[in-house]
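Here the structure is a predicted model, which means the values were calculated and not measured.
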Amino acid sequence: MARPNQNQNQNQNQNHNQNQNQSQNQNQNRNQISHQIDDFNLRETRPSLGGGRVPGNERFGTAFDLVEQMHYLYIRMVKARSLPPGRGNHNSLPDSYVEIKLGNFVACAKHFEKNSDPEWNQVFAFPKDRIQSLTLELTVKDKDIGEGEEDGLIGGVSFDIVELPVRVPPDSPLAAQWYRLENGSEGELMVAVWMGTQADESFPDSVHLDSLSVNGDGIANIRSKVYLSPRLWYVRVHVIEAQELHSNSNRQTEVFVKGVVMNMVSKTRVLAKPMWNEDLMFVVAEPFDEQLVLTVEEKVGNREDVVGKCSIPLHTVEKRLDTRAVSSKWYNLEKHTRGENGEVNVVQLNSKIHIRVCLDGGYHVLDELTQYSSDLRATHRLLGTPSIGVLELGILNANGLTSMKTRNGRGAVDAYCVAKYGQKWIRTRTVIDSLNPKWNEQYTWEVFDPCTVITIVVFDNNHLQDNDSKAKDSQIGKVRIRLSTLETDRIYTHSYPLIVLRPSGVKKTGDIQLAVRFTCVSLLNLMHMYTQPLLPNMHYIHPLSPFQQDSLRYQATQVMAVRLNRAEPPLRKEVVEYMLDVGSSNWSVRKSKANYCRLVDVLSCVVLVFKWLDDIRMWTSPVLSVLVHALFFIFVYNPQMIFIFVLVYVIVTGVWKYRSRSRHPPHMDIKLSYGDRSNGDELDEEFDSFPSSKNGEVLKMRYDRLRSVGSRMQTMLGDLATQGERVQNLITWRDPRATAMFLGVCFVLAVVLYVVPVKWVVLVVGSFVMRHPSLRTRVPSMPMNFFRRLPARTDGLL
């Protein structure tokens, strides 16, 4: 009898131990998950921001008070004169160059063949914290003295690091001086050597220590650069009709008009009678070097034959600001045929096409998603709005970046940042082979609307060598900051998590430390912007269809990518498309779940109200039920107190939530984006190409159709959630200026409703709502403009 009891006790102890181990493992897993989620959070930092304002600095445009000071040793190599031939080369001019030696580090300036008076005009910058010697040696050598032998020594100059002058901008630039070469040489070297910071005007064009291993075109790819977006216009082609068309077929055919600008194609409907009255729209950029090519084609079965074509130079097209009618014109059609030798013959036809074409400058060309737009102004300069403030961004450093490639048997990353706001793009210099790069660069933008977003992205540079022309820069992470969520004249210093979504799941690739300041010129003008339409008036008077908006946005991103890719150094296509969120509207189960949960979270307040009413009815809390009954009797006898009580309640709630307002800018939230709860199949579907790459034609057709319908549902859910979140943010101080304005209006309304009888208020409001259509305008009202400018939680979505 003792053994069974013993076994039972042992089994019970084992089960108890297993349960304990399981509970410990579960607790550990929970702790790991919570630690991982905390690792994705925004953290406030307190960097040692230095500087003070530097007036007159055109390179960065602002002071260096939002970045940490970085000290550099600058060497400006100007020129040399009267250089004698080097050792072993007495009968010819030297192939001179300068060798820079600083401790164990050796670098060389470019060399000149057969020149005794070379001019380098080169600036070198060495980080002060990497200097390991007290002596700087500049040696002039002769490069061409024969194969297998050392370069010839011409002479040199040395400097004591401790005794170098310190230059602090805006001091005058340090003048270069002539120094006689040592070792008995007759030549002289003009050079300037000083200690300075990144505020020095020589900093952007200097060759840095981190980049000396880069050759060829890679040198240009690592320097900081400021780009300006081309001014984009909409081209509206109203195709009216065509006459005297000569068909290539003897039977009844259908015709249509195809418009082409660059590689962008748009078509009208296919009709039996050539009378379309249809608009074709394109996106073009200044200067207008392209041509609009219109082709009339007939459809014969599955074949499309060209009936005639005409070309219109875009620089001759009329510009307009509003909806005024543009004069229509008849254009002669031509037919291009190929001769026996391959030459193109142009044949004039009697056929004509009647069209009305113009450049619409009253719109804002949407190249970004509306919720992440950084500029909302109309295209035409005459419709521009005055500046309301200045945005300053300090890009300090990044920490713990994930290695994106392998170099010398170890992980490496060559990181640089790209930021876009309005028409100005900036690119920091590339820090070579560092997982903790330091940039400390500061930039500034003019602000014309506070309800805009600045986008900052960290990339890995894969174009450092000449043979990497087909490589693509890899994205490391993205940060968005909405200006309306920032308090004016306050410096925000935070470490933002860099998050990317890949087929394997969401991954943190490091942190980037930024300093942001939004300075307001006039608080009155800033508040006035909240009452203005979000987009130019043309978007409401003559709105674009959703299909046109999607098509034109795709065209705008392609035009932008082509233009910026022509810059030097180029801002490549993959960078521009990632900055502009190309393809972000494709179907995704993860995004649909995220938008659904946002909508449920917004509607949960309605559920709470009904639950609260049910608790009152069921006398769950007698004290509260008695209080509500008392208020009910008061409101019955004094109906005007209902609106006053509601407004006072909103004011009190909004003032109470001022203490718990968010003190940090918005950032990427993986929980809100459902990035931490997506399985492999959902991510595989999200990263699948469109059309699908799956096998099976029927499955492919159905799958793509489902994704197309699902993307619209996803957008609709997101829009509904956005409207509800804007209502919530009226009193949450997410946008401090909007909440203050709303509470002020509530206070005024409460006073008016207290003084004026309710029946007169209802009469005035009802009469205003039911006013005659002739008294209405198509431009949205002030309350609607205010509501559309309120922030939502879209800024935290991946």
message: Does Val756 form a side-chain contact (heavy atoms from CB on, under 4.5 Å) with Val764? I'd like the steps, not just the answer.
response: CA-CA 11 Å; Val756 181; Val764 171; over 6 Å; no
field: Any donor-acceptor pair under 3.5 Å from Ser604 side chain to Asp601 backbone
entry: yes
- prompt: Going by heavy atoms in the side chains, are Asn277 and His238 under 4.5 Å from each other?
  reply: yes
query: Is Lys478 salt-bridged to Asp581, going by a charged N under 4.0 Å from an acidic O?
result: yes
query: Given Val237, which of Val257, Leu292, Asp279, Thr268 fulfils the side-chain contact (heavy atoms from CB on, under 4.5 Å) condition?
result: Leu292
task: State whether a side-chain donor-acceptor pair under 3.5 Å links Tyr234 with Thr379.
output: no
- prompt: CG/Leu535 to CZ/Arg788 distance, rounded to the nearest 0.5 angstrom?
  reply: 8.5 Å
Interatomic distance, Arg482 atom CZ to Ile454 atom CD1 [nearest 0.5 angstrom]: 13.0 Å
query: So do the side chains of Ser584 and Leu369 get within less than 4.5 Å of each other, counting heavy atoms only?
result: yes
message: If you count every heavy atom of other residues, nucleotides or ligands that lies below 6.0 Å from His664 atom NE2, does the total exceed 12?
response: yes
message: Under 4.0 Å between a side-chain nitrogen and a carboxylate oxygen: does that hold for Arg789 and Asp735?
response: no
message: As a quick check of understanding, evaluate side-chain contact (heavy atoms from CB on, under 4.5 Å) for Thr385 and Gln532, giving each step before the final call.
response: CA-CA 11 Å; Thr385 58; Gln532 300 302 304; over 6 Å; no
query: Okay, side chain of Arg563, backbone of Glu286: is any donor-acceptor separation there less than 3.5 Å?
result: yes
- request: Could you please spell out the steps behind the side-chain contact (heavy atoms from CB on, under 4.5 Å) verdict for Arg320 and Arg236?
  value: CA-CA 11 Å; Arg320 71 172 184 178; Arg236 186 184 296 273; 3.4 Å; yes
- request: Kindly indicate whether a cation-pi arrangement holds for Arg490 with Tyr492, taking the cut-offs as under 6.0 Å to the six-membered ring centre and within 45° of the axis.
  value: yes
field: From Lys593 atom NZ to Ser588 atom OG, the distance as rounded to the nearest 0.5 Å
entry: 9.5 Å
- request: Determine the sole option in Thr557, Val562, Leu564 for which the side-chain contact (heavy atoms from CB on, under 4.5 Å) test with Met560 is passed.
  value: Leu564
task: May I ask you to establish whether Arg737 and Tyr530 are in a cation-pi arrangement, using a distance under 6.0 Å from NZ or CZ to the six-membered ring centre and at most 45° from the ring axis?
output: no
- prompt: Is the closest side-chain heavy-atom distance between Glu574 and Glu577 below 4.5 Å?
  reply: no
field: Presence of salt bridge, Arg480 and Glu368, under 4.0 angstrom
entry: no
- request: Would you indicate whether Tyr554, at its atom OH, is surrounded by more than 12 heavy atoms from other residues, nucleotides or ligands within a distance under 6.0 Å?
  value: no
message: Please check: side-chain N/O of Arg269 versus main-chain N/O of Trp276, any donor-acceptor pairing under 3.5 Å?
response: yes
pair Trp425-Val576: side-chain heavy atoms closer than 4.5 Å: yes
query: Does NZ or CZ of Arg231 come closer than 6.0 Å to the centre of the six-membered ring of Trp233, within 45° of the ring's axis?
result: no
query: Looking at side-chain heavy atoms only, is the closest gap between Leu743 and Ile731 below 4.5 Å?
result: yes
- prompt: With side chains defined as the heavy atoms from C-beta onward, is the minimum distance between Leu580 and Lys420 less than 4.5 Å?
  reply: yes
4.5 Å side-chain heavy-atom contact, Arg590 and Ser673: yes
- request: For atom CZ of Phe448, decide whether the heavy atoms of other residues, nucleotides or ligands shown that lie under 6.0 angstrom number more than 12.
  value: yes
query: According to the interplanar angle, ranging from 0 to 90°, do the rings of Tyr443 and Trp445 count as parallel (below 30°), tilted (30 to 60°) or perpendicular (above 60°)?
result: tilted
query: Are Leu608 and Trp612 side-chain neighbours, meaning at least one heavy-atom pair lies under 4.5 Å?
result: no
task: Calculate, to the nearest 0.5 Å, the distance between atoms CG and CG belonging to Leu321 and Asn537 respectively.
output: 11.5 Å
